[in-house]
Asks: 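Handing you a structure now.
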2 protein chains.
Amino acid sequence: MRILILNYERVVIEALTALVETMGNDFTVVGGSDSGLEGVELARRLTPDVVLSGMKLRELNGVDTTRRIMDEVPDTKVLILASDPKSEPLTEALEAGALGYITRHSEAAELETAVRTVYSGKVYLCPESASVLVETKVLAEDSEEEADVVFSVLTPREREVLQLLAEGNGSKEVADRLNISPKTVDTHRSNIMQKLETDSLADLVKHAIRAGLTDLKI
Amino acid sequence: MRILILNYERVVIEALTALVETMGNDFTVVGGSDSGLEGVELARRLTPDVVLSGMKLRELNGVDTTRRIMDEVPDTKVLILASDPKSEPLTEALEAGALGYITRHSEAAELETAVRTVYSGKVYLCPESASVLVETKVLAEDSEEEADVVFSVLTPREREVLQLLAEGNGSKEVADRLNISPKTVDTHRSNIMQKLETDSLADLVKHAIRAGLTDLKI
DNA sequence: ACCCCATCTAGGGAATTTCCCTAGTCGGTC
DNA sequence: GACCGACTAGGGAAATTCCCTAGATGGGGT
C-alpha cells in the first residue's frame, strides 16, 4: 500500500512517515509535502493508494487539495487527519471526496484502521467527527450553519487565490504559482473582496485565518 | 471618584459601567470608548481619577494608550483589566505606567478593591498576574522572554501604525487618524517591515494579531 | 555641555499595484 | 439552444508602495 503524506508541519510529515512504516511492511510512504499544490502534483505523479492529508496546507487547503486530487486521480483514497473536527470544515472535506476523517488525537492503532478502511474504499470517521457530523447535519436542520463564508460563498479557485494572498504573496507571485495572468488574480481579489464584503487585504488575511487557510506563523 | 472605561467590546463597557455604579455612590463613570486613541482624548478632556482599560482596544492598544495617558494626564491612575495575564504583555503595561492589573475572571469585589487601591496611588495586582510577574521576572533571568517582537523592537508609534494597518486602513486613512502625512506612514510601514523581517502586509497583519493589537473579528 | 543616536517626520520620483469596466471561453443546467 | 456561474484577461486611470534622502527633536552617555 503506497501512501502520500501531506501536512503543514514538516516534522509531522516525518513523524507520520516513521509511524506508518512501523505499521507493517505492506505500508510504504512514497512521498510527502507541506504544500497542497505540490501535493496534487505528487498525487498525479506517484499515484499513491492513500493520501493522508492535513486540513491546513501551504498554498492550497486540505479541502481543495482533496477536490483536485479526486479530479485528477480519482482512484486515490484521501484520509483527512484534522486537528479539530469541531472548527474545521468536516462536511466540505467529505463533499470534496475525502473517504476518511480522523483527528490528531487518535491513537496509532486507529490510524492504521482508518488507512486500511479507506484503502478498501469504505468511509472511516473517527467517533469524534462522526458525532460532529450527526450534530451538524442530522440534528441541525434549523440552525443552518454558516461554516465560515469562505467555504460557502467563495469558489475553490477564489479560495486558492485568497490563501496565497494571505500567505504574503502579491498578485504577480500568486499568478506565477497558479500559472495565470496577474490580471486574473486582480479580478479574483476584487470578487473575493466583494463576496466577503470588505475592501482591505488585512480583512482578507483575517478571513483566511479564521477559515484555516493559513495561520499566524510567518 | 470619576472613572473612564476603555474596552474593545462595547457591551463590556456597558456591563462595567453598570457594575461600577453598583459599587457605591462615590463611583461615577464619566465616559467610555472602544478606541485607544479616543480613550487618550477622553482622558485629557475628562481628567478621570481612574481609567479602567482593557489590553486590546481599537486603533491603539492598551499598553500604548496607558503610556499616552500617563504622558498627558500624569495624575490619572490606570487599572488594566486583561483577559489573560499569561499571554498579554503585563510587564509592558506596568512599564507604561499602569498601576493595577487584574483579569476578567476576577470578582466584582476584587474589582472594587483594585480600583480603590490604584485610586490611592498604590499598585494592585491580582494574585494570578502577580505570580506571572514573579515567574517571568524574578525566576526567569535565563529564559529571557521574547514577548513578541512587536513589543520589543517596534517603537510605540510604529505599533500604532501597525495596528491601524492591520485593521484594514490604507496609508491615507492611517495618516488622517494620526494627523501625519501619508508619506510618513509609508516610512513607518517600511521600517516596521524591515524590523519584522517581512515584506508583505499579510505578515504584518499576522504579527499584529499575535501581539494582540487586533483580532480576527472584522 | 556636547555629541550621538533613535524616533518621528516627510518629500521626490520611479515602480508597482490596485481598481473599474469590459469580455471571451467553457462546462453544466433548464 | 439558451443561460449562468466560474475562470480567464486586457486597457487604462488611479492609488499605493518602494527607495532614498533629510530635517527636527529629545533623551542618554562621556
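Per chain, numbering begins at 1; letters A, B, ... match sequence-line order.
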Asks: Does any pair with a residue in residues 151-170 of chain A pass salt bridge (Lys or Arg N to Asp or Glu O under 4.0 Å), and if so which ones, sequence neighbours excluded?
Replies: Asp64(A)-Arg159(A), Arg68(A)-Glu160(A), Arg157(A)-Glu160(A), Glu158(A)-Lys195(A)

Asks: Sequence neighbours excluded, which residues qualify as side-chain hydrogen bond (donor to acceptor under 3.5 Å, both in side chains) partners of Lys122(B)?
Replies: Ser120(B)

Asks: Measure from CD on Glu160(A) to C1' on dT8(D) and round the result to the nearest Å.
Replies: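 Answer to the nearest Å: 14 Å.
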
Asks: So, does Arg157(B) get its side chain near the phosphate of dA6(C), meaning an N or O under 4.0 Å from OP1 or OP2?
Replies: no

Asks: Taking only side-chain N and O atoms of His188(A), does any of them lie within less than 4.0 angstrom of OP1 or OP2 on dC7(D)?
Replies: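 Checking dC7(D) against His188(A), no side-chain N or O comes under 4.0 Å of OP1 or OP2.
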
Asks: Please collect all salt bridge (Lys or Arg N to Asp or Glu O under 4.0 Å) contacts where either partner lies in residues 171-185 of chain B, sequence neighbours excluded, each pair once.
Replies: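 Found Glu59(B)-Arg177(B).
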
Asks: Could you give the CD-to-P distance, from Gln194(B) to dC8(C), as a whole number of Å?
Replies: 15 Å

Asks: Nearest to the side chain of Lys195(B), which nucleotide is it out of dT8(D), dT7(C), dT9(C)?
Replies: dT7(C)

Asks: Are any protein N/O atoms closer than 3.5 Å to N/O atoms in nucleotides 13-20 of chain C? If there are, list each pair with its distance.
Replies:
| unit_1 | atom_1 | unit_2 | atom_2 | d |
| --- | --- | --- | --- | --- |
| dG13(C) | O6 | Lys183(B) | NZ | 2.6 |
| dT18(C) | OP2 | Ser171(A) | OG | 2.5 |
| dT18(C) | OP2 | Arg189(A) | NH2 | 2.7 |
| dT18(C) | O5' | Arg189(A) | NH2 | 3.4 |
| dC19(C) | OP2 | Arg189(A) | NH1 | 3.4 |
| dC19(C) | N4 | Lys183(A) | NZ | 3.1 |

Asks: Taking atom types as modelled, find out whether Thr214(A) and Lys206(B) have a side-chain donor-acceptor pair closer than 3.5 angstrom.
Replies: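 On atom types as modelled, these side chains qualify, holding a pair under 3.5 Å.
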
Asks: To the nearest angstrom, how far is Asn191(A) atom CG from dA6(D) atom P?
Replies: 10 Å

Asks: Give the nucleotide from the list dA10(C), dA9(D), dA6(D) with an atom nearest to the side chain of Thr155(A).
Replies: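 Of the options given, the side chain of Thr155(A) lies nearest dA6(D).
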
Asks: Asn7(B): what forms a side-chain hydrogen bond (donor to acceptor under 3.5 Å, both in side chains) with it, not counting sequence neighbours?
Replies: none

Asks: Check whether any side-chain N or O of Thr184(A) sits under 4.0 Å from OP1 or OP2 of dT8(D), and answer yes or no.
Replies: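 So the side-chain polar atoms of Thr184(A) never come under 4.0 Å of the phosphate oxygens OP1 or OP2 of dT8(D).
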
Asks: Between dT9(C) atom P and Asn179(B) atom CG, what is the distance in whole Å?
Replies: 10 Å

Asks: How close do Leu165(B) and Leu201(B) get, heavy atom to heavy atom, and via which atoms?
Replies: CB-CD1, 4.4 Å

Asks: Taking the side chain as everything from C-beta on, heavy atoms only, tell me whether Leu81(B) gets closer than 4.5 Å to Leu16(B).
Replies: yes

Asks: For the pair made of CG in Asp64(A) and C1' in dC7(D), what is the distance, rounded to whole Å?
Replies: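 For the pair Asp64(A) CG and dC7(D) C1', the rounded distance is 15 Å.
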
Asks: Nearest-Å distance, CZ (Arg159(A)) to C1' (dA6(D))?
Replies: 13 Å

Asks: Could you check how far CG of Asp176(A) sits from C1' of dA9(D), rounded to whole Å?
Replies: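 It is 15 Å, rounded to the nearest whole Å.
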
Asks: Quick one: the dot-bracket string of DNA chain C, using Watson-Crick and G-U wobble pairs with both distances under 3.5 Å, [ ] for crossing pairs and | for bases paired to another strand.
Replies: ||||||||||||||||||||||||||||||

Asks: Mapping Leu154(B) and Ile180(B) to their closest nucleotides on DNA chain C, which lands nearer the 5' end?
Replies: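 Upstream on the strand: Leu154(B).
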
Asks: Within the structure provided, determine whether Asp203(B) and Leu196(B) are in side-chain contact (heavy-atom separation under 4.5 Å).
Replies: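 The answer is no; the side chains never approach within 4.5 Å.
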
Asks: Quick one: are Tyr101(A) and Met55(A) in side-chain contact, heavy atoms under 4.5 Å?
Replies: yes

